Amino acid sequence: MSWYCKNCDKYWQQNVETCIFCGSPTEKIEGKAFTVISKTAVRIPSKGNESVPYFVYLIEDEFGQKQNLKLMQEYNIGDTISLDDDSSSKRKIGVIGSGQMGSQITEYLIDIGYPVILKTRSEASIEKVKAKIAKRFSKKYNEEEIAKKFVNLYVTIDYADLAECELLIEASTEDIDIKKEVFSELSKVCSKTAVFATNSSSLSIDELADITDRPDKVIGCHFFNPVPRMDLIEVVVGKKTSDETREGMLAFATEIYKKPVLIQNSPGFVVNRLLLPQINDAVRLYEAGIATKEGIDSAVKMGLNHPMGPFALADFIGLDVCVAILNVLYTESGDEHFKPVPYLQKLVDEGKLGFKSGEGFYKY
C-alpha cells in the first residue's frame with residue numbers, strides 16, 4: 001500500500017494524506033501483484049530437522065514500492081505474489097476447545113490465512129485465548145501484523161456459530177464422554193456435508209463416529225505439540241470413514257504444510273502407542289532406584305538421540321494427558337504394563353501436571 005501525489009510524482013509507504021512538497025491530497029494506491037526481489041529462510045534451531053517456520057521476502061509492487069513480507073509459503077526470486085485477501089477462497093474451519101492444543105491449532109491456521117471460528121466454553125475465556133495467541137504471535141509479528149492475522153479469527157461460546165464451517169476440528173479434553181458431547185452438539189447445527197475431525201491422541205474414532213449423524217465423515221486429525229513447529233499429523237480412519245473423507249483429510253494436511261501419516265483406528269494410534277509405555281517404564285526405573293530422573297533423561301537423549309528425555313517430555317505433554325492415554329491403552333488391551341505407575345498417578349492427583357501447572361517431574 002502506498003500514498004501517491006500526482007503533482008510531484010512521489011510515493012510514500014507511510015500514511016501521508018497530504019503531500020509534504022506541494023500540499024495536495026494524496027491518492028491511496030493498493031498494489032495487487034508483487035515481485036519477489038529477495039528472500040530469507042528463517043529457521044528456529046531446536047531439534048535440528050524441523051521445516052522452515054517462515055520466509056521473509058523483499059517484494060516490489062507495480063509502482064516500484066518495496067516492502068518486507070513474512071509468509072509460511074515458499075516463493076522464488078522473480079515469482080509474483082498476490083496480496084489480495086484470499087481467506088474467502090479457503091474453507092472455513094471450526095475448532096472446538098481453547099486449551100493448549102485448540103489454541104495452537106487455531107493460531108497456526110489463522111497464521112497461514114484460514115478463517116477460523118473457535119468455540120470456547122465461557123465468555124471469560126474469549127479474551128484469554130485471544131491474548132494467549134497474540135502473545136505467541138508477538139514473538140515474530142508487530143502489532144499491525146497481528147491485527148491482520150486476527151481478522152480471520154472469531155471466538156464464540158455458541159455451537160450455532162459453527163454452522164457454516166466445512167471442517168470441524170475437535171480439540172477438547174482427552175475424555176471420551178466430553179468428546180461425544182461435542183460431536184452430538186455439532187451434529188445438531190452443522191451442514192450434512194461438514195467433516196468432523198478429532199484431535200484425540202488415543203481415543204476410538206469408531207466410538208466417536210457412532211454418536212454422530214455422519215459416521216462416514218468422522219476422522220482423526222492428531223496434531224502434535226507445538227503445532228507450529230511439528231510437521232506430523234496422524235490421520236486416523238475408522239471402520240466407517242469414507243474414502244472421500246480420508247483423501248480429503250490427507251489433502252488438507254498437505255495443504256497446511258504438514259506431513260500426514262495414515263493410520264487405522266487403534267488405541268493410542270502410533271506415536272502414543274510407542275511413546276507412553278516408554279514414559280511409564282522410565283518412571284518404573286526411577287521408582288526402583290535404578291537412576292535419577294536427570295540420569296534417565298540424559299541417557300535417553302545421548303543414547304537414543306532423542307531431543308528430550310522421557311521425564312521432560314512427559315512434563316511438556318502434561319502428566320494428566322499421559323495418564324489419560326495410558327488408561328485408554330490399559331482399558332482397551334487389559335495389559336497391566338500399560339497401567340499408569342503409582343508415582344505418575346500421584347503427581348496428577350496432587351495437581352502437578354508438568355509445565356502447564358508449574359511443576360511435574362521438574363519445577364518450572
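Being a predicted model, the structure only gives us computed values, none of them experimental.
When hydrophobic residues (I, L, V, M, F, W, Y) are linked wherever their side-chain heavy atoms come within less than 4.5 Å, the members clustered with I37 are L58.
At most 12 non-hydrogen atoms from other residues, nucleotides or ligands lie less than 6.0 angstrom from NZ of K240. No more than 12 heavy atoms of other residues, nucleotides or ligands shown are found within 6.0 angstrom of CD on E244. By the neighbour-count criterion of 12 heavy atoms within 6.0 Å, atom CZ of F355 is sparsely surrounded, having that number or fewer from other residues, nucleotides or ligands.
Using a cut-off of 4.0 Å between Lys/Arg side-chain N and Asp/Glu carboxylate O, E255 and R91 are scored as salt-bridged. Under the 4.0 Å criterion applied to side-chain N and carboxylate O atoms, K346 and D349 are not assigned as salt-bridge partners. A salt bridge links K188 with E185: at least one charged nitrogen is closer than 4.0 Å to a carboxylate oxygen. Salt bridge status for K180 with D210: absent, with no side-chain N to carboxylate O gap under 4.0 Å. Salt-bridge annotation for K140 and D111: present, with a side-chain N of the basic residue lying under 4.0 Å from a carboxylate O of the acidic one.
Hydrophobic clustering of Ile, Leu, Val, Met, Phe, Trp and Tyr side chains at less than 4.5 Å, counting indirect connections, unites V328 with V218.
For the atom pair CG (L203) and CD (E174), the distance works out to 4.0 Å, reported to the nearest 0.5 Å.
Within the structure, side-chain hydrogen bond (donor to acceptor under 3.5 Å, both in side chains) contacts touching residues 307-318 (residues at least two apart or in different chains) are D315-Y364.
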- Task: Evaluate the criterion side-chain contact (heavy atoms from CB on, under 4.5 Å) for residue pair V155 and V129; output intermediate values, then yes/no.
- Result: CA-CA 9 Å; V155 187; V129 69; 4.0 Å; yes

- Item | Verdict with reasoning, H337 to D281, per side chain to side chain donor-acceptor pair (under 3.5 Å) | CA-CA 9 Å; H337 195 71; D281 280 338; 3.0 Å; yes

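Evaluation of the salt bridge (Lys or Arg N to Asp or Glu O under 4.0 Å) rule for K92 yields E164 as partners, not counting sequence neighbours.
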